[in-house]
There are 2 protein chains.
Amino acid sequence: MSGVSNRAAQSQRALMGVRDLIVSGELRAGTRLSELILVERLGISRTPLRAALAQLGQEGLVEAIPSGGYAVRSFSREEVIDAIELRGTLEGLALRLAAERGVAPARMGELTRLLEGIDEALKGDVADMDFDGYVDLNAAFHEKLWGLASQTIRREIERVTSLPFASPSAFLDKQANVEAFRRSLYGAQTQHRAMVEAIALREGSRAEALAREHARLARQNLEFVLDQDRSLIRRVPALSLVVG
Amino acid sequence: MSGVSNRAAQSQRALMGVRDLIVSGELRAGTRLSELILVERLGISRTPLRAALAQLGQEGLVEAIPSGGYAVRSFSREEVIDAIELRGTLEGLALRLAAERGVAPARMGELTRLLEGIDEALKGDVADMDFDGYVDLNAAFHEKLWGLASQTIRREIERVTSLPFASPSAFLDKQANVEAFRRSLYGAQTQHRAMVEAIALREGSRAEALAREHARLARQNLEFVLDQDRSLIRRVPALSLVVG
DNA sequence: AAAATACCACCTGTATACAGAAATCAAGAG
DNA sequence: CTCTTGATTTCTGTATACAGGTGGTATTTT
């Protein structure tokens with residue numbers, strides 16, 4: 001058996017199952033989530049399903065219907081932008097506090113090592129970079145950054161980034177290997193390096209500003225997809241929930 | 001019958017009941033929350049109780065035990081400070097965006113009217129101010145401020161402030177009518193006025209900085225309680241969960 | 001033909017039964 | 001006396017039965 005615990009296995013399955021149905025676009029924004037249908041579709045009972053729906057309600061992916069039950073939430077462009085801004089602000093807070101309070105050398109070393117890995121993935125030009133490698137390393141780097149914050153703050157970051165289009169990997173899905181996105185990675189890595197340097201130098205305000213600006217890359221990519229090439233919507237998780 | 005809907009009445013009762021047991025200090029930090037005991041105590045069944053526990057887990061007031069179930073969470077001084085810093089940061093984000101994007105005159109009028117009400121409550125000197133009136137108006141003012149933000153951001157603010165000691169009213173509980181706190185209210189109202197002015201003048205950065213500084217009043221009050229007069233711990237909701 | 005009403009099917013919220021795992025306690029061995 | 005081991009008790013996670021309410025549809029009435 002794998003190392004994963006069996007505790008609350010059905011609940012986890014329900015959570016992942018419903019989330020997948022939503023972000024894959026199979027359930028469109030506004031559609032009511034009938035418990036009985038989902039139960040039959042996922043092969044579980046109502047109890048863990050209801051737990052999953054409540055959790056997704058907390059995450060913001062579904063919203064409660066006044067008369068009972070839940071519906072897939074829809075997001076306006078402004079709300080997506082605010083979610084990205086929110087992530088940048090929270091990451092900025094995490095980095096500012098880390099810079100002001102100091103970080104153990106071992107952790108700085110881990111961050112530096114990830115930076116070197118990303119450099120390696122970006123070696124070569126736009127055509128033959130290791131995009132998939134970047135995706136994984138970028139996710140690991142951001143998670144390591146979040147680990148610099150206290151549990152209280154880390155929890156909020158993780159909740160906000162549970163909205164798929166607000167995550168730092170939102171436009172780095174392996175399905176979205178597009179030149180327009182690949183080109184932005186060099187600038188992103190420059191910001192990565194600057195953020196780590198700012199923390200090392202205890203420059204809290206700079207670290208905060210950099211984190212905010214870094215998140216705005218996601219906003220740029222969002223606006224590119226919505227305004228320049230809407231065919232990419234299908235390639236970015238949950239972007240089908242955005243109206244307008 | 002009152003206007004309140006009966007929808008999910010038991011769930012609401014469970015949520016409020018358990019939350020009360022925790023913030024009142026009746027359940028100490030670290031104690032396991034036995035479902036059967038709580039069920040008997042609150043006179044409900046396990047289903048709505050479990051929903052309440054899951055919600056409180058999201059709010060951060062209880063934490064999941066790896067082997068199953070939940071326990072009352074304990075907070076270090078640093079975590080409480082971070083929660084306050086987090087609120088200030090989120091309110092700062094809300095105010096910055098409101099200032100940058102503009103606010104309808106009607107809403108600004110409502111804010112101004114609340115400010116005048118607070119002025120009225122503060123009329124007179126420290127001894128005979130209308131403390132209870134201030135408490136209510138201050139809560140209303142902050143909620144009106146949150147209403148300036150989009151749903152995405154407002155949701156996060158509301159979640160963070162569900163931690164009782166992180167709320168703007170944390171040290172303004174009617175139980176905590178103490179001169180040390182009353183004296184801080186004049187400075188707080190000055191900041192209230194400056195925040196509204198900054199929004200009106202579209203000074204986003206100033207509005208953000210003011211919101212952060214305003215939240216630090218709560219931090220000052222926290223440190224006063226913990227370092228100067230620990231007897232006040234009982235008077236501030238949920239402060240009994242803070243260790244150290 | 002349009003509107004109102006009554007009926008029916010479905011759905012959610014709640015309670016409870018059941019099974020497997022965890023914790024506790026006791027007894028026995030070293 | 002301590003540690004280990006085994007059994008019992010208790011707990012959580014899951015499934016399902018039940019009741020009240022909501023929404024939709026069809027029929028009737030104007």
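In what follows, chains carry the letters A, B, and so on, assigned in the order in which the sequence lines appear, proteins first and then strands, with residues in each chain numbered from 1. Predicted model, so just to flag it, every value in this text is computed and none were measured.
- Between the C1' atom of C:dG13 and the CZ atom of A:R50 lies a distance of 6 Å, rounded to the nearest Å.
- For A:S11, whose side chain is taken as the heavy atoms from C-beta onward, the closest listed nucleotide among C:dT12, D:dT14, D:dT12 is D:dT14.
- One finds no salt bridge joining A:E85 and A:R212 here, because no Lys/Arg side-chain nitrogen approaches an Asp/Glu carboxylate oxygen to under 4.0 Å.
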So which protein N/O to nucleotides 20-23 of chain C N/O distances come out below 3.5 Å?
unit_1 : atom_1 : unit_2 : atom_2 : d
C:dA23 : OP1    : B:S67  : OG     : 3.1

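- Whole-Å rounding puts the A:I37 CD1 to C:dC10 P distance at 11 Å.
- To the nearest 0.5 angstrom, A:R7 atom CZ is 10.0 Å from B:I65 atom CD1.
- Rounded to whole Å, atom P of D:dG13 lies 14 Å from atom CD of A:Q55.
- We find that CD of A:Q10 is positioned 13 Å from C1' of C:dA19, with the value rounded to whole Å.
- Taking every side-chain heavy atom of B:P48 into account, C:dA15 is the closest of C:dA15, D:dT14, C:dT12.
- Residue A:L53 is classed as having no contact, given no heavy-atom separation below 4.0 Å to the nucleic acid.
- A salt bridge does not link A:D20 with A:R13: every distance from a Lys NZ or Arg NE/NH1/NH2 to an Asp or Glu carboxylate oxygen is 4.0 Å or more.
- The aromatic rings of B:F75 and B:F165 sit perpendicular, their planes meeting at an angle over 60°, well past the 30° parallel limit.
- The aromatic rings of A:H214 and A:H142 lie parallel to each other, their planes meeting at an angle below 30°, with 60° marking the opposite boundary.
- Among the nucleotides D:dA15, D:dA17, D:dG13, the one closest to the side chain of A:S45 is D:dA15.
- Within a 6.0 Å sphere centred on CZ of B:R77, heavy atoms belonging to other residues, nucleotides or ligands number more than 12.
- Look at B:R46 and you won't find any side-chain N or O under 4.0 angstrom from OP1 or OP2 of C:dT14.
- One can place CG of A:L49 at 14 Å from P of D:dT16, the figure rounded to the nearest angstrom.
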